[in-house]
There are 2 protein chains.
Amino acid sequence: MSVTPTRDRRAERREATRAEILAAATDLIGEHGAAALSLRDLGARVGMRAQSLYSYFASKDAIYDALFHQGSNEFLERARAMTLTEDPRENLRRCTWLFVEFCVEDSARYQLLFQRTIPGFEPSPEAFAPSIEAVEMTRQLVVAAGGDDPRDLDLLSALVTGLVDQQISNDPGGDRWTRLHTEALDMFFEHLDAKHG
Amino acid sequence: MSVTPTRDRRAERREATRAEILAAATDLIGEHGAAALSLRDLGARVGMRAQSLYSYFASKDAIYDALFHQGSNEFLERARAMTLTEDPRENLRRCTWLFVEFCVEDSARYQLLFQRTIPGFEPSPEAFAPSIEAVEMTRQLVVAAGGDDPRDLDLLSALVTGLVDQQISNDPGGDRWTRLHTEALDMFFEHLDAKHG
DNA sequence: GTCTATATTTGGATAGAC
DNA sequence: GTCTATCCAAATATAGAC
């Protein structure tokens, strides 16, 4: 009589290879920019021909999409794992700092997720879903910190992504802008107080 | 006896064609993104083969470089043409608004000038010079507005580019973030006052 | 599942005729 | 100054052998 195994070793191996390919892709776009990924280089990096990658991903865009999903999921998980305090403003400080660290630690991922500079690539709804949830989490933190006006979230998001953007573009590897994070949030909170009394 | 003409019609024509090529390149990167410019398309747009472009520019990067120079010059000229008032904060408001308009009116140019997302392209020092001068002008406006700390300029630049970045990435063609410009600058000024007394 | 072989397209760039 | 012809390299993608 045949016995059904509880583990599917073939599927496991396949998933492991997929993960290996994505890790190599992450390395490559870190080296040459998100828009410069080529399947030849990627195949070479994992020890196969470019054509063999099609056994794992349907297209180059499918690889970008998987990276996008991975990236937006990664941030969402970090945000969820964040320890919350009783001070709502401290929570917002921590969450935005998490975001700043997440972005500057991997600028190619930032480019992929937030700058949308890859010609022709649009993330699928599934890949995008975690980002939406993370924004919703942030929105609630902003409300708890006294920012009930929707404009407040937009202003904060501009402020924080501005720090990240300037850091990556004009002082890569440094901290000229990221070190302004605390001051920036204090400025934002002062503004909320002045605005809503 | 030979007469020396005061105008060089050949040089004029050449310069006009160069300008025409750059204008077409601007159109193309506006349509497909800055990283997706191809010489074939560009040639077709101006009615010549791709190879003929080499009579006008030494390489593709030379075209990017000319566009970069044109772009940074354009902003510098607009900033210089700005009418100054006696209120230093009003001046800073106007100058940053000039910048916001400049960026959102042509997002491909923004990508070229500030996001540096074109694989392998680095602007030449000559092309970059106007940008440096524009930053210096802004720095002086920030100082006049009460931001004597170098961190103040960095904070402001993050705030303004953040508005632009979010606008272009998340609401292209709209005004969800640019309309926050006045509020953002008020927030910044409140902060300067709270900081320096 | 990975390979070779190949199709197809597209890119940047050079040589030389006119 | 523009063209044809061509080169060379690289890209994505497919077909079929093993």
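Quick caveat, the model's predicted, so the values are computed rather than measured. What's counted below: heavy atoms across the whole structure, side chains too, no hydrogens, waters or symmetry copies.
Considering only side-chain N and O atoms, A:Ser55 lies nowhere under 4.0 angstrom from the phosphate OP1 or OP2 of C:dT2. For C:dT2, the OP1/OP2 oxygens have a side-chain nitrogen or oxygen of A:Tyr56 closer than 4.0 Å.
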Contact state string [nucleotides 5-18 of chain C, B base, S sugar-phosphate only, - no protein heavy atom under 4.0 Å]: BB----BSBB----

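By the ring pair (Phe, Tyr, Trp, His ring centres under 6.0 Å) test, A:Phe75 pairs with A:Phe99, A:Phe102, sequence neighbours left out. Not counting sequence neighbours, the partners of A:Val143 by the side chain to side chain contact (heavy atoms under 4.5 Å, CB included) test are A:Arg139.
Taken from CG in B:Leu92 to CG in B:Leu141, the straight-line distance is 6.0 Å, to the nearest 0.5 Å. Atoms CZ and CD, from B:Arg176 and B:Gln166 in turn, are 8.5 Å apart once rounded to the nearest 0.5 Å. B:Glu31 contributes atom CD, which lies 4.5 Å from atom CZ of B:Arg45 (distance to the nearest 0.5 angstrom).
Side-chain N/O atoms of B:Thr161 and A:Asp165 include no donor and acceptor closer than 3.5 Å.
Between the side chain of A:Ser72 and the main chain of A:Ala127, a donor-acceptor pair closer than 3.5 Å is present. Formation of a donor-acceptor pair under 3.5 Å by the B:Ser157 side chain with backbone atoms of B:Asp154 is found in this model. Counting only distance, with no hydrogens or angles, the side chain of B:Arg151 and the backbone of A:Leu180 share no donor-acceptor pair below 3.5 Å. For the pair A:Ser107 (side chain) and A:Tyr110 (backbone), a donor-acceptor distance under 3.5 Å is absent.
Shown for residues 64-71 of chain A: no residue has heavy atoms falling under 4.0 angstrom of DNA chain C. Shown for residues 17-26 of chain A: no residue has heavy atoms falling under 4.0 angstrom of DNA chain D.
Distance, A:Leu42 CG to D:dA11 C1': 13 Å, rounded to whole Å. The separation between B:Met48 atom CE and D:dT4 atom P is 13 Å, rounded to whole Å.
Within the structure, the side-chain hydrogen bond (donor to acceptor under 3.5 Å, both in side chains) test picks out the following pairs touching residues 46-66 of chain B (sequence neighbours left out): B:Asp65-B:Ser124.
Backbone-only contact: B:Gly47 has heavy atoms under 4.0 Å from sugar-phosphate atoms and none from a base.
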